> 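Pasting a structure here, questions to come.
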Amino acid sequence: MKSSAAKDRVAALHAQIEEANYRYHVLDEPTITDAEYDRLMRELEALEAEHPELKTADSPTQRVGSVPSREFAEVRHETPMLSLANAFTEGEVADFARRIVERLGRNATAHDLEFSVEPKFDGLAISLRYENGVFVRGATRGDGERGEDVTPNLRTVRSVPLHLRGKGWPRVLEVRGEVYMPRADFERYNARARASGGKIKALVNPRNGAAGSLRQLDPRITASRPLAFFAYALGAVEGGDLPVKHSAVLARLRDWGFPVSPLVSTAEGVDGCLGYYRKIGRQRDTLPFDIDGVVYKLNDLSLQRELGFVGRTPRWAIAHKFPAQEQTTVVEDIIVNIGRTGAATPAAKLKPVFVGGVTVTNATLHNADQVARLDVRIGDTVIVRRAGDVIPEVVSVVLDRRPARTHKWHMPAKCPVCGSAIVREEDEAVARCTGGLSCAAQRVQTIFHFAARRAMDIDGLGERYIEDLCDLGYVHSVADLYRLTLDDLLEMKRRADERDGTTPETVKAGKVATKWAENLIAAIAHSRQTTLDRFLYALGIPDVGEATAKALARHFGGLDALMRASEAELTEVPDVGPIMAAHIAVFFAERHNREAIAELRAAGVTWKESEPQRRSEGPLAGKTVVLTGTLSALTRDEAKDRLEALGAKVAGSVSKKTSFVVAGAEAGSKLDKARELGVEIWDEDRLKDFLRAHA
DNA sequence: GCACCTCGAGTTCC
DNA sequence: CTCGAGGTGC
């Protein structure tokens with residue numbers, strides 16, 4: 001291609017690619033396909049290879065891959081980058097507004113001040129400098145006065161514009177904002193890291209991921225990290241007029257091609273701010289990025305100037321923080337819990353710490369490998385997280401704060417409950433207590449499982465009572481439950497209270513105890529009438545959970561046929577392979593299990609047996625359905641039963657094999673996944689219509 | 001033999 | 001929810 005033609009084409013490609021980036025990353029409305037985008041990039045790269053003189057620093061190809069630098073140059077911020085005061089309570093927000101009113105002195109009140117409100121992104125604050133509309137330099141916040149020049153790294157962030165759009169930008173424009181890592185991208189990155197088998201290191205959390213990525217000396221590494229950017233403020237501005245309100249400044253920034261969060265808004269007075277805080281707080285877990293609070297800024301820029309600063313914090317803005325979802329605390333002990341199957345699971349006993357709205361004292365450590373991986377030791381200071389979910393986990397150890405003379409934790413050789421050996425099979429992650437049902441912990445857990453709602457559904461029989469019943473010798477096996485009398489329970493309760501020294505010998509307490517005992521006896525009696533699949537699940541056969549119990553019940557129709565089945569016959573059941581078949585056969589071959597079953601039947605536990613069903617039938621035969629969100633007319637269990645009655649298989653997670661997803665209110669990640677995979681989605685009305693049509 | 005999908009089991013707090 | 005492991009389809 002002739003040089004002049006090439007020059008035109010390169011310019012056209014620059015424009016096209018930047019437009020595509022803007023549409024995709026800023027407007028979130030892609031206009032061209034990924035393949036087309038790649039084609040444009042490749043064409044540009046080819047032209048630049050042919051005509052090196054056309055390869056400029058602001059070319060989209062230069063977002064990726066310049067050479068590593070030795071260290072970061074220091075950048076002095078012309079206008080310091082602010083830090084915000086924090087408020088943790090509504091009272092502190094009210095105080096903030098009151099101080100503004102007092103200082104402004106006029107007839108303003110805390111109720112009619114207008115605030116620009118926005119989420120507080122949990123990423124890394126940076127400053128971008130544009131001269132004559134071209135991105136020239138980007139820096140980290142540093143101490144607010146001086147930061148580090150990370151320009152090559154910031155170029156790799158697709159939502160950072162290399163050129164400003166539109167017209168009327170100042171000659172010099174500094175834009176402040178946050179570089180962050182979207183949650184989905186963080187998850188995807190970590191999934192890849194885990195799959196790489198240690199070659200790529202997993203990131204601790206999106207914020208560390210963003211900060212670490214920007215501080216890479218080699219921009220090619222930064223380019224491989226999925227970073228994004230939101231603009232939220234201005235720094236130095238020369239040669240240009242700007243709006244008089246912060247919200248209008250943000251709108252202007254959007255026009256110039258900067259991504260501004262769609263969650264930014266304005267609010268009237270303290271009440272408006274607090275309303276915004278609560279609204280964003282409700283959305284927090286479902287947002288595509290992490291936030292740690294919201295920020296209120298007085299919207300009128302002239303009032304901002306009038307109020308000024310205390311030190312480096314403005315009087316006109318405050319960050320209202322959510323309860324932290326990550327905290328540090330101290331590991332006071334590492335204990336081992338024994339599960340129903342004997343699995344020995346280490347758990348960290350923590351110095352109580354307030355995380356994500358609750359006080360956490362325990363965190364599971366999953367297994368010995370996990371403890372070794374994290375190298376958690378008693379006495380360590382650790383980071384504890386209660387992420388979008390509920391269950392606390394130890395994220396990492398703060399090595400700097402490890403006390404002297406700690407030692408590596410090891411799985412104990414003996415069960416802390418029964419003293420039997422703890423054994424870990426080769427290539428298995430779990431270590432198990434070998435005590436079997438002679439281990440009190442396993443016995444309690446077995447009975448607890450038997451009584452569970454999804455098993456025999458004995459209401460009112462909690463773990464605590466099972467422990468007492470076992471400890472005091474009233475119950476040794478599940479069949480013993482059916483021999484309990486009202487007097488047994490009352491006597492047991494009295495002895496347990498005596499033992500604990502907590503005996504409120506009042507008439508009222510006696511009545512409460514009687515009521516509990518009567519209810520429990522009734523619940524046990526009620527559980528005698530059950531279904532075969534519940535009964536099988538309740539038995540706690542290794543590897544047989546709800547789904548497998550259902551499959552077995554359907555396939556064999558009756559218990560005797562199942563107990564007589566050979567391993568080969570068991571393998572014919574859908575989803576049962578040789579390993580599970582062996583576990584099931586061994587279970588039914590053991591004498592104490594056969595005896596327990598006989599005793600249960602003798603105690604009156606019954607169910608309706610049915611014809612063996614080798615293939616499921618019905619309008620939904622062969623369909624796999626996933627339920628998500630909250631349904632209004634049905635409980636999830638009811639919906640599951642009804643769908644299964646029509647031949648569907650109700651699964652727990654969405655995959656491309658899913659036939660359709662039923663999405664109720666506040667459906668979460670499963671719905672997203674379904675959309676991603678193009679799986680059909682039903683709303684509750686459609687489900688209702690279908691169920692009615694096939695009733 | 002591998003990749004993917006399910007299922008099972010254990011888990012925290014109120 | 002998360003991890004590990006069994007089952008199955010390619």
Side-chain angles (χ1 to χ4, degrees), chain A residues 187 190-192 194-195 197 202 285 323 325 329 335-350 352-371 373-374 384-395 424-433 441-442 444-446 448-449 452 454-455 462-464 533 536-552 570-584 624-626 628 640 649-659 668-670 673 677 679:
Chain A
E187 298 298 343
N190 269 0
R192 241 188 19 241
R194 279 194 295 273
D285 288 343
Q325 291 190 322
T329 187
I335 61 154
V336 171
N337 291 316
I338 305 297
R340 170 170 66 87
T341 63
T345 311
K349 287 277 171 204
L350 305 168
V353 63
F354 194 69
V355 191
V358 297
T359 304
V360 168
T361 53
N362 295 305
T364 178
L365 294 166
H366 294 117
N367 55 46
D369 286 349
Q370 174 83 348
V371 181
R373 203 157 40 233
L374 295 167
V384 178
R385 168 166 56 193
R386 234 179 75 113
D389 52 350
V390 202
I391 295 170
E393 59 174 348
V394 173
V395 180
R424 181 173 168 183
E425 293 295 326
E426 201 120 1
D427 1 292
E428 278 225 334
V430 290
R432 287 178 202 280
C433 158
Q442 291 189 54
V444 169
Q445 291 299 317
T446 299
F448 184 57
H449 173 80
R454 317 185 79 105
E463 206 173 335
R464 275 277 315 284
D533 54 313
L536 290 175
Y537 175 58
L539 289 176
I541 306 164
D543 275 344
V544 176
E546 265 190 295
T548 313
K550 274 205 175 100
L552 290 171
L570 287 165
T571 319
E572 283 167 29
V573 180
D575 298 328
V576 175
I579 296 173
M580 285 168 61
H583 284 156
I584 296 165
T624 303
V625 183
V626 174
T628 180
K640 192 174 173 204
K649 185 166 155 187
V650 178
S653 57
V654 179
S655 73
K656 57 176 186 262
K657 290 206 288 193
T658 308
S659 313
S669 61
K670 285 190 232 175
K673 183 91 182 276
L677 296 173
V679 170

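The shown structure was predicted, so the numbers you read here are calculated from the model rather than taken from an experiment. Numbers restart at 1 for each chain; the letters A, B, ... are given by sequence-line order, proteins then strands.
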> Among the candidates B/dG10, B/dT12, C/dA5, find the nucleotide nearest to the side-chain atoms of A/Ala347.
B/dT12
> Using a 3.5 Å distance criterion without hydrogens, assess whether the side chain of A/Gln442 forms a donor-acceptor pair with backbone atoms of A/Cys433.
yes
> Does a side-chain N-to-carboxylate-O contact under 4.0 Å join A/Arg424 and A/Asp369?
yes
> Using the side chain to side chain donor-acceptor pair (under 3.5 Å) criterion, which residues pair with A/Asn367? Sequence neighbours excluded.
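Checked A/Asn367 against side chain to side chain donor-acceptor pair (under 3.5 Å); zero matches.
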> From CG of A/Asp369 over to P of C/dC3, roughly how many Å is that when rounded to an integer?
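After rounding, the gap between these two atoms is 13 Å.
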> Once rounded to the nearest 0.5 Å, what's the spacing between atom CG of A/Asn362 and atom NZ of A/Lys349?
3.5 Å
> From the options B/dT11, C/dG4, B/dG8, select the nucleotide whose nearest atom is closest to the side chain of A/Asn367.
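The nucleotide sitting nearest to the side chain is C/dG4.
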> Just wondering, do A/Thr345 and A/Val336 contact through their side chains at under 4.5 Å, heavy atoms?
no
> List every contact pair, protein side and nucleotides 7-10 of chain C side both N or O, where the distance is under 3.5 Å.
{"from": "C/dG7", "atom 1": "OP1", "to": "A/Gly577", "atom 2": "N", "distance (Å)": "2.6"}
{"from": "C/dG7", "atom 1": "OP1", "to": "A/Gly577", "atom 2": "O", "distance (Å)": "3.1"}
{"from": "C/dG7", "atom 1": "OP1", "to": "A/Met580", "atom 2": "N", "distance (Å)": "3.1"}
{"from": "C/dT8", "atom 1": "OP1", "to": "A/Asp575", "atom 2": "N", "distance (Å)": "3.0"}

> Any side-chain N or O of A/Asn337 below 4.0 angstrom from OP1/OP2 of B/dG10?
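No, no such contact exists.
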> The side chain of A/His366 lies closest to which of these nucleotides: C/dG6, B/dC7, C/dC3?
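It is C/dC3.
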> When you measure from the side chain of A/Thr548, which nucleotide among B/dC7, C/dG4, B/dT11 comes out closest?
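Nearest to the side chain of A/Thr548 among the choices is B/dC7.
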> Pick the nucleotide of DNA chain B nearest each of A/Thr341 and A/Val360; which residue has the one closer to the 5' end?
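Nearer the 5' end of the strand: A/Thr341.
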> Counting only side-chain heavy atoms from C-beta out, which of B/dT11, B/dG10, B/dG8 sits nearest to A/Thr364?
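When the side chain of A/Thr364 is considered, B/dT11 is the closest of B/dT11, B/dG10, B/dG8.
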> With sugar-phosphate meaning primed atoms plus P, OP1 and OP2, does A/Glu546 contact a base, only sugar-phosphate, or nothing at under 4.0 Å between heavy atoms?
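Answer is sugar-phosphate: A/Glu546 comes under 4.0 Å of backbone atoms only.
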> Nearest-Å distance, CD1 (A/Ile584) to P (B/dG8)?
10 Å
> Roughly, in whole Å, what's the span from CD1 in A/Ile541 to P in B/dG8?
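Spelled out: CD1 on A/Ile541 to P on B/dG8 is 11 Å.
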> Among the candidates B/dG10, B/dT11, B/dC13, find the nucleotide nearest to the side-chain atoms of A/Arg340.
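When the side chain of A/Arg340 is considered, B/dG10 is the closest of B/dG10, B/dT11, B/dC13.
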> Take the protein atom CZ of A/Arg373 and the nucleotide atom P of C/dG4, then report the distance between them rounded to whole Å.
6 Å
> Taking CD from A/Glu425 and P from C/dG6, how many angstroms apart are they, rounded to a whole number?
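After rounding, the gap between these two atoms is 11 Å.
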> Quick one: A/Tyr537 OH to B/dG8 P, roughly how many Å, whole number?
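Going from OH in A/Tyr537 over to P in B/dG8 covers 8 Å.
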> For A/Arg432 and B/dA9, give me the distance from atom CZ to atom C1', rounded to whole Å.
9 Å
> What residues form a side chain to side chain donor-acceptor pair (under 3.5 Å) with A/Thr329, not counting sequence neighbours?
none
> Below 4.5 Å, heavy atoms only, C-beta onward: do A/Leu374 and A/Val394 meet side chain to side chain?
yes
> Of A/Asn362 and A/Gly342, whose closest DNA chain B nucleotide lies nearer the 5' terminus?
A/Gly342
> Look up atom OG1 in A/Thr341 and atom CD1 in A/Ile541, then write down how far apart they are to the nearest 0.5 Å.
14.0 Å
> Without decimals, in angstroms, what is the distance between A/Glu463 CD and B/dC13 C1'?
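These atoms are roughly 14 Å apart.
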